[in-house]
Novice: 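One structure is given below, represented as structure tokens, and several questions about it will come after.
Values below: every heavy atom of this structure, side chains too, minus hydrogens, waters and symmetry copies. Order of appearance sets the numbers: ligands from 1, and atoms from 1 within every ligand.
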Amino acid sequence: MASRVVVGTQWGDEGKGKTIDLLACKSDVVVRTSGGNNAGHTVIVGDEVYKLHIIPSGILYPETLCLIGNGVVVDPKVLLEEMDGLIARGVTCENLRVDPRAHVIMPYHLRLDALREAARGKNDIGTTLRGIGPCYMDKAERCGLRICDLVDEKRFAEKARAAVAAKNREITGVFGGEPMDAEAVISEYSEYGKRIKKYVADCSVITFEAIKSGKEVLFEGAQGTLLDLDVGTYPYVTSSHPVSGGVCIGVGVGPTLIDEVIGVGKAYTTRVGKGAFPTELFDETGELIRNRGGEFGTTTGRPRRTGWFDAVIMRFAVRVNGLTGVAINKLDTLSGIGDIKICRAYSIDGAETENFPPDLAELERCEPVYTVLPGWDEDISGCTSFDELPENARRYITEIEKLIGCKITMVGVGPKRSQMIYR
Ligand code: GDP
Ligand code: IMO
Ligand code: MG
């Protein structure tokens, strides 16, 4: 029995949802520990497509306990809509729990996210406008409302009234925006609180006890390493900690309780939102990857920027997450694309480096140094073992493995449960 962390190694959307769904079949507990409904995790079961934003991707297994840890920011309206959507499709949510310490995304967070982005003008971050940044700001400022407040009707009314008044001063005074009606917010959100109350439980205790009793626990990462508030491409990042270290804080368990850290990446690179992206493609190959790979945001529908696989990024992810294994998804998307490039290093101001630069200004000056490998034309979406893959596809994977210094244990050749090769 083991506890495993699954993290995104790039800028999100690496296929974490699919990978977690696969690993969840043998997990007793699946825990989300960071981010909120800025995430969009796609799980495909047969002909059914599930797009999960806040509920852990283990929910499709009725026996698996699904936890939303204290590090997650919860929009209660979205949570309930997602639960209702799943229940309508025959998926039970009786196995869901929410930590009382998780912070609540309030309607003024959504409004402030939009106002702040508009005020940034051409320097906007390209956020998902889900109120994530403003909610984490309040958490750090120590004026946030938590799930334990939301489910206590009287306490919630008092805190929300004061919070809306304070936020209205900012909304109108700083941004010239429309104020919010505190009583309307209280009456709407109190109803959400009543419905959520029965799902509230101390997820730190549940997780700790599950690990101690030898159960299989899976920590579901959201976003990706380069979107991490501390080690990511700041300021073009999210406001949480998607790296493996964030898991411990995000549910309240210590690092010695974690056995494995699996990094999920794509066979190429994508990014939604703004910020430097050294291997970005602006030509027809980039367009081809976008269309073939269906690279349009799960949450916002925005076209994802596309580029070649970047081994500098993956090496960075191996280091900052302490990866014990890597899953590479979407190898099938590269079939028939011609020669394939892998960025093995960056050239900056005439010198080569294999390390991801900490300063965005430096990253913007980095030129990728490529290794070019021959591609393959075969449709690989039906391959079930590594040996079945065309020689050039195998070579591509082993070359990446060499460059990143970590074992690639899974290779995705399609979005379905059956389309994963285990090594
Ligand atoms: P997440 O945010 O990391 O969970 O990833 P998303 O769900 O946002 O985006 C990944 C997309 O790729 C989804 O549409 C998946 O169904 C799809 N996908 C995952 N793995 C594979 C794969 O190996 N091949 C193909 N073609 N699609 C995949
Ligand atoms: P999953 O879990 C891809 C990006 C946004 C924006 C930046 C900040 O599906 O991989 P935010 O709304 O978080 O303040 O936006 O972070 N972003 C993601 N990009 N996948 C995600 O999640 C993302 N979550 C946030 O596009 O650039
Ligand atoms: Mg996604």
Novice: Going by the rule side chain to side chain contact (heavy atoms under 4.5 Å, CB included), which residues pair with Asp124 if we only count those two or more places apart in sequence or in a different chain?
Specialist: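 Residues passing side chain to side chain contact (heavy atoms under 4.5 Å, CB included) with Asp124: Glu117, Arg120, Lys274.
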Novice: Tell me which protein heavy atom sits closest to atom 2 (O) of ligand 1, plus the residue, atom name and distance to 0.1 Å.
Specialist: Gly40 O, 2.8 Å
Novice: Heavy atoms only, cut-off 4.0 Å: how does Leu331 contact ligand 1, side chain, backbone, both, or neither?
Specialist: neither
Novice: Looking at ligand 2, is there an atom of it that comes within less than 4.0 Å of some heavy atom belonging to Gly40?
Specialist: yes
Novice: Trp11 pairs by ring pair (Phe, Tyr, Trp, His ring centres under 6.0 Å) with which of Tyr268, Phe277, Tyr236?
Specialist: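 With Trp11 as partner, Tyr268, Phe277, Tyr236 yield a single ring pair (Phe, Tyr, Trp, His ring centres under 6.0 Å), made by Phe277.
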Novice: N/O to N/O below 3.5 Å, does that happen between Gly17 and ligand 1?
Specialist: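 So ligand 1 has an N or O lying under 3.5 Å from an N or O of Gly17.
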Novice: Is it the side chain (CB and beyond), the backbone, both or neither of Gln223 that lies under 4.0 Å from ligand 1, heavy atoms counted?
Specialist: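 Neither part.
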Novice: Heavy atom under 4.0 Å from ligand 2: found in Trp11's side chain, backbone, both, or neither?
Specialist: backbone
Novice: Just which atoms of ligand 1 are under 4.0 Å from any heavy atom in Glu14?
Specialist: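 Result: 3 (O), 5 (O).
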Novice: Name the closest protein heavy atom to atom 3 (O) of ligand 1, giving the residue it belongs to and the distance to 0.1 Å.
Specialist: Lys16 N, 2.7 Å
Novice: State whether Glu260 and Arg4 are salt-bridged, where the test is any N-O pair (Lys NZ or Arg NE/NH1/NH2 against Asp/Glu carboxylate O) under 4.0 Å.
Specialist: yes
Novice: Out of curiosity, is Lys16 lining ligand 2, as in a heavy atom under 4.0 Å away?
Specialist: yes
Novice: Just to verify, which of Leu323, Leu403, Val320 counts as forming a side-chain contact (heavy atoms from CB on, under 4.5 Å) with Arg315?
Specialist: Leu403
Novice: Looking at atom 15 (C) of ligand 1, what's its closest protein heavy atom, distance included?
Specialist: Thr42 CB, 4.0 Å
Novice: Just heavy atoms, cut-off under 4.0 Å: does Asp13 contact ligand 1 by side chain, backbone, both, or neither?
Specialist: both
Novice: Heavy-atom contacts under 4.0 Å between His41 and ligand 1: side chain, backbone, both, or neither?
Specialist: both
Novice: For ligand 2, does Arg130 get within less than 4.0 Å through its side chain, its backbone, both, or neither, judged by non-hydrogen atoms?
Specialist: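 Neither part.
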Novice: Hey, looking at atom 5 (C) of ligand 2, which of Gly273, Gly126, Gly221 has the closest heavy atom?
Specialist: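 Closest candidate by heavy-atom distance is Gly126.
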Novice: May I ask you to identify the nearest protein heavy atom to atom 11 (C) of ligand 1, giving residue, atom name and distance to one decimal place in Å?
Specialist: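 Of every protein heavy atom, Lys330 NZ, 3.7 Å lies nearest to atom 11 (C) of ligand 1.
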Novice: Write out the residue and atom name of the closest protein heavy atom to atom 19 (C) of ligand 1, then the distance separating them to 0.1 Å.
Specialist: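 Residue, atom and distance for the closest contact: Lys18 CD, 3.7 Å.
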Novice: Which residue supplies the protein heavy atom nearest to atom 12 (O) of ligand 2, what is that atom called, and how far is it?
Specialist: Thr128 OG1, 2.6 Å
Novice: On a heavy-atom basis, I'd like to know which of Leu227, Thr238, Val237, Thr233 is closest to atom 17 (N) of ligand 2.
Specialist: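 Nearest heavy atom to atom 17 (N) of ligand 2 lies in Leu227.
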Novice: Between Arg271 and ligand 2, find which residue part has any heavy-atom pair under 4.0 Å and reply side chain, backbone, both or neither.
Specialist: neither
Novice: Using a distance threshold of 2.8 Å, what protein N/O/S atoms lie below it relative to the Mg ion (ligand 3)?
Specialist: Asp13 OD1, Gly40 O
